[in-house]
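Here's the structure, in structure tokens; my notes come after.
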Amino acid sequence: MKKIILCLLIFLSVNLFSQKKVYQQDSLFLNSFNKQNQSFALSNQKNGDLFIITTQRKTTKGVLLDSLYNIKSNFEAEPLPNKFKIFTGYTIRQNKCSILFTDEKHSKLGLLEFDTKENSYIEKKLKFKFGKEKYLESIVYNNEVYFLTSSKGSDVNIYKLDKNYKLIKNTVSFEKVAYPRIPNSSIKISASTLFRGIPHSHEYPQNGYIKIESRNPNTIETTSKKIKIYQKENFVLFSFDNNPEKTNLFYVNLDTFELTHKAYPKVSKNRDLYEKNNSYIFDDKLFQIASSNELLNFRVLDLKTDKIIKEFIVKKEDSISFKNSKITQEKKGKLLAAIKFDKSKELEKTSKFLKNISFANLGISVFGIGNNYEVILGGTKNYDPNTGAYIALAVLSAGTLAATSGGVAGLRYNPTPTPYNPSIYNYATYHSARLAEAGTESTFIHCFFDKNINHITGEISPNIFDRIYDFEDTLQKPRAVNIFIHQNKLHYNYLDSENNLFQLYKFDEN
């Protein structure tokens, strides 16, 4: 979600984030202008090493860096067959690094295993199929990859690779997430139904879940999903907001596969009072939002004590005292002739804000800036950008569109999102039109709080994605871009195609 925001008065002339080039290498790509070139990063969570992998049409290359970004080894291999297109995780065991790929249907798995000591590799196609299970996500913890799937009913399966690369299955039950399809009904909606979604359903859309990387800024388009999957240390946390009466949290310990369930009541069970609701987890706090076209409730709970920290209630005739921005309505989409459209306008009245989000999927996003929280509250919905006035816009030139209030939004490359690493997708949706063909219309406000949820007045300083975007403006046609987290720092790598020079930058918070 693009923001046009100035710095807080207390941060004027202060740059919160700075970038530093930590590594570069020439001739890492055979053909630097090939659009199929991709790069991936594999962070060794035990010793701070970093594997940089480049996949090209006829070869896979890589370099192993130590925690100080010094070269330890280079390696090269043949690529996996074309059907293995999606990078889905990795394992690192001593000097052996295995990169796992899956096909587009997540029905088959293949891997490339590099021995960085012997400078050799092997290629394997794993004899395994997920069958009727729905593939959800992959997680890397302690240098081991875990695959998450959903079975019919309430079971969630967690697969881990053994030393022979056979997948070992562990199952936990999400039975407590089930709730009546209609009030007081004996027919219940199960976890598998929620994960799979119901086609053409506004309430239960297909793939109504999302993997959250809370160390990145996230947009309302991302966080409006009702089911979120977080990773924190050795836990995978599933949050469900489908039930209108409570938020369900399921903690799965990846060391023991033990399951812990906690439930928190929504701000109100009165559906006439609050029609929509959602939540977001950040910094051991549960941020809840509920709204209708008459009311908005924003509440924060401490997950360690289960106590409410702060609660705000806004009526349609009120001003929103805790917002730090204008109310923004933003439309994004892909017009005819593949022109990306991104237009925004400001709304004056709280009643208009509540009306807009009451017809949308409600969302809340939280990101840390220094010791404070940037909070985005709002809603998003899909629309067809190729109808009515939007078709007319498509025939305009890109230059004409750029001169309008919205203009053409787009990155200088095609991002390659992966199930394992959501950072680059978060960045692409943050500063660009939606990658999908469908358009989105979002209405939102930005707020700023300290860690005790006391409102801080002033304008919000640019976050790290804003800083990366400014840095990217200085580059000439970057290719094979990747944005990832390594040693708890955001990194950005790209190929300078003119000079066939691969460059890696680290972004620090001052």
Side-chain angles (χ1 to χ4, degrees), residues 134-137 148-150 153-154 156 174-183 188-214 218-231 236-252 261-269 271 274-282 286-292 296-299 301 303 357-366 375-382 422 425-426 429 434 436 438 440-444:
K134 178 175 177 56
Y135 179 91
L136 299 177
E137 291 290 348
L148 312 177
T149 71
S150 172
S154 60
V156 169
F174 281 24
E175 185 177 359
K176 292 182 179 180
V177 81
Y179 67 98
R181 184 176 293 272
I182 58 176
K188 292 187 175 182
I189 297 176
S190 66
S192 63
T193 300
L194 295 174
F195 279 124
R196 292 181 182 273
I198 301 174
H200 312 299
S201 167
H202 174 73
E203 188 176 0
Y204 312 110
Q206 287 182 296
N207 295 331
Y209 64 90
I210 191 73
K211 180 180 176 182
I212 296 292
E213 174 52 81
S214 57
N218 285 283
T219 65
I220 292 296
E221 291 93 335
T222 296
T223 63
S224 62
K225 301 287 188 181
K226 289 286 190 177
I227 305 172
K228 301 178 184 66
I229 303 174
Y230 305 81
Q231 181 185 2
V236 179
L237 170 57
F238 295 78
S239 72
F240 291 81
D241 275 293
N242 311 82
N243 191 322
E245 296 186 355
K246 58 185 176 181
T247 296
N248 283 290
L249 305 183
F250 294 86
Y251 298 80
V252 181
H261 170 253
K262 298 182 75 173
Y264 295 89
K266 296 294 176 64
V267 298
S268 173
K269 296 180 181 180
R271 298 190 192 186
Y274 294 104
E275 299 165 356
K276 301 290 183 69
N277 60 76
N278 213 327
S279 72
Y280 191 86
I281 296 171
F282 189 84
L286 178 65
F287 293 77
Q288 294 179 305
I289 182 174
S291 76
S292 68
L296 179 140
N297 186 298
F298 168 47
R299 185 170 71 183
L301 295 93
L303 291 176
I357 65 176
S358 69
F359 287 102
N361 297 312
L362 205 59
I364 179 171
S365 178
V366 185
V375 178
I376 305 173
L377 305 174
T380 185
K381 63 181 179 180
N382 292 337
Y425 182 78
N426 289 350
T429 57
R434 290 288 291 175
T440 58
E441 178 181 319
S442 303
T443 305
F444 53 90

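Side chains included, hydrogens not; waters and symmetry mates left out as well; all remaining heavy atoms used.
Side-chain N or O atoms of S192 include one that pairs as donor or acceptor with a backbone N or O of G153 at under 3.5 Å. When atom types are taken as modelled, the side chain of K226 and the backbone of N277 share a donor-acceptor pair closer than 3.5 angstrom. With hydrogens and angles ignored, the 3.5 Å screen pairs a side-chain donor or acceptor of N278 with a backbone N or O of S224.
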Subject >> V177 and N243: CA distance, side-chain angles, deciding distance, side chain to side chain contact (heavy atoms under 4.5 Å, CB included) verdict >> reply: CA-CA 8 Å; V177 81; N243 191 322; over 6 Å; no
Original post:
Are T440 and S442 close enough, and set up right, to give a side chain to side chain donor-acceptor pair (under 3.5 Å), and what steps lead you there?
Top reply: CA-CA 6 Å; T440 58; S442 303; 4.6 Å; no
Subject >> Pair Y280-N218, side chain to side chain donor-acceptor pair (under 3.5 Å): steps then yes or no >> reply: CA-CA 11 Å; Y280 191 86; N218 285 283; 3.1 Å; yes
**OP:** Kindly indicate, with the supporting measurements, whether the criterion side chain to side chain contact (heavy atoms under 4.5 Å, CB included) is fulfilled by F298 and I364.
**Re:** CA-CA 9 Å; F298 168 47; I364 179 171; 3.5 Å; yes
Original post:
Checking side chain to side chain contact (heavy atoms under 4.5 Å, CB included) for the pair N382/E221: CA distance, chi angles, key distance, verdict?
Top reply: CA-CA 10 Å; N382 292 337; E221 291 93 335; over 6 Å; no
**OP:** Please report the C-alpha distance between F240 and F195 in whole Å, then the side-chain angles of each, then the deciding distance to 0.1 Å, and finally whether the side chain to side chain contact (heavy atoms under 4.5 Å, CB included) criterion is met.
**Re:** CA-CA 10 Å; F240 291 81; F195 279 124; 3.6 Å; yes
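Residues K134 and Y209 have side chains in contact (heavy-atom distance under 4.5 Å, counting atoms from C-beta outward). Y179 places none of its side-chain heavy atoms less than 4.5 Å from the side chain of N248. Looking only at side-chain heavy atoms (C-beta outward), T223 and I210 stay at 4.5 Å or farther from each other. No side-chain heavy atom of V156 sits less than 4.5 Å from a side-chain heavy atom of V252. Considering only heavy atoms from C-beta on, K276 stays 4.5 Å or farther from I357 through its side chain.
For the atom pair NZ (K266) and CG (D241), the distance works out to 4.5 Å, reported to the nearest 0.5 Å. Rounding to the nearest 0.5 Å places CZ of F359 at 11.5 Å from CD of E441. With rounding to the nearest 0.5 Å, the separation of CZ in R299 from OG in S268 is 9.5 Å. Summarising the geometry, atom CD1 belonging to I376 is positioned 8.0 Å from atom OG1 belonging to T219; distances are rounded to the nearest 0.5 Å. Atom CG of L377 and atom OG1 of T443 lie 12.5 Å apart (nearest 0.5 Å). Residue Y264 holds its OH atom at 13.0 Å from NZ of K246, rounded to the nearest 0.5 Å.
Here the closest heavy-atom approach between residue G379 and residue A360 is recorded as C-CB, 3.7 Å. Residue F238 comes nearest to L148 through the heavy atom pair CZ-CD1, 4.0 Å, listed as atom of the first residue, atom of the second, then distance. Contact detail for S291 and L362: the closest heavy-atom pair is OG-CD1, 3.5 Å. Contact record, R196 with S150: NH2-O, 4.0 Å, taken as the closest heavy-atom pair. Between S279 and T247, the shortest heavy-atom distance links the atoms OG-CG2, 3.8 Å. Minimum interatomic distance between L303 and L249 (heavy atoms only, all atoms of both residues): CD2-CD1, 4.0 Å.
If you run side chain to side chain contact (heavy atoms under 4.5 Å, CB included) between I212 and each of I281, L237, T222, only T222 comes through.
Residues that satisfy the ring-ring contact (aromatic ring centres under 6.0 Å, His included) test with Y274, not counting sequence neighbours, are absent from this structure. The salt bridge (charged side-chain N to carboxylate O under 4.0 Å, His left out) search around K262 returns D306, not counting sequence neighbours. Partners of K188 according to the side chain to side chain contact (heavy atoms under 4.5 Å, CB included) rule, which considers only residues two or more places apart in sequence or in another chain, are A178.
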